[in-house]
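What follows is a set of notes on a single structure, which appears directly below.
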Amino acid sequence: MLFAVRMTVNLPPDMDPDVRASTLAAEKEYARKLQHTGEWLHLWRCAGLYANLSIFDVTGNDRLNEILWELPLFAYMDVTVTPLTRHASAIG
Ligand SMILES: O=C(O)CC1=CCC(=O)O1
């Protein structure tokens, strides 16, 4: 199943710099791993924002929920999930 997920990151301005750096590094590693497995299909930066638009290809809601809750940045994110289905006019 395909899902579009918008993640907006809100890191506290007073966050400890070491915790910030290690959390961002963990997020990057986690995202790279899921891109390699094919579950995190697209990861796009929303231009000018500390936000991304991602496409996930997962077995279902439960797997997506698991992935999102395990994001190292999850506690600092606003997340919006949109389930996707094929558009009748899509040629691809
Ligand atoms: O920077 C972001 O948008 C948050 C994020 C998601 C995966 C990643 O590596 O960073």
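Just follow the structure's listing: the first ligand is 1, and inside any ligand the first atom is 1.
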Checklist line | Where ligand 1 meets Ala31 - atom numbers and elements under 4.0 angstrom, heavy-atom basis | finding: 7 (C), 9 (O)

Checklist line | Student check: side-chain heavy atoms of Leu24 and Arg20 closer than 4.5 Å | finding: yes

Item checked: Contact check, side chains of Phe56 and Val81, non-hydrogen atoms, under 4.5 Å -> no

Next item on the list: Looking only at non-hydrogen atoms, find the nearest pair between Val19 and Met15 and report the distance.
Entry: CG1-CE, 3.9 Å

Checklist line | Heavy-atom gap Trp44 to ligand 1 smaller than 4.0 Å | finding: no

Note to self: Suppose we measure from atom 6 (C) of ligand 1 to each protein heavy atom; which comes out shortest, and what is that distance?
What the structure shows: Glu27 OE2, 3.3 Å

Notebook entry, point to check: N/O to N/O below 3.5 Å, does that happen between Asn52 and ligand 1?
Noted result: yes

Check: What heavy-atom pair brings Glu27 and Leu73 nearest, and what distance separates the two atoms?
Finding: OE1-N, 2.8 Å

Check: Heavy-atom contacts under 4.0 Å between Trp40 and ligand 1: side chain, backbone, both, or neither?
Finding: side chain

Checklist line | Residue pairs fulfilling side chain to side chain donor-acceptor pair (under 3.5 Å) with at least one residue in residues 48-69, sequence neighbours excluded | finding: Glu39-Arg63, Trp40-Ser54, Asn52-Ser54, Arg63-Glu66, Asn65-Trp69

Note to self: Taking only non-hydrogen atoms of Arg45, do any sit less than 4.0 angstrom from ligand 1?
What the structure shows: yes

Item checked: Test item: Thr82 and Val5 side chains (from C-beta on) under 4.5 Å apart, heavy atoms -> no

Margin query: Taking only non-hydrogen atoms of Tyr50, do any sit less than 4.0 angstrom from ligand 1?
Written below: yes

Item checked: Numbered atoms and elements of ligand 1 in range of Lys28, under 4.0 angstrom, heavy atoms -> 9 (O)

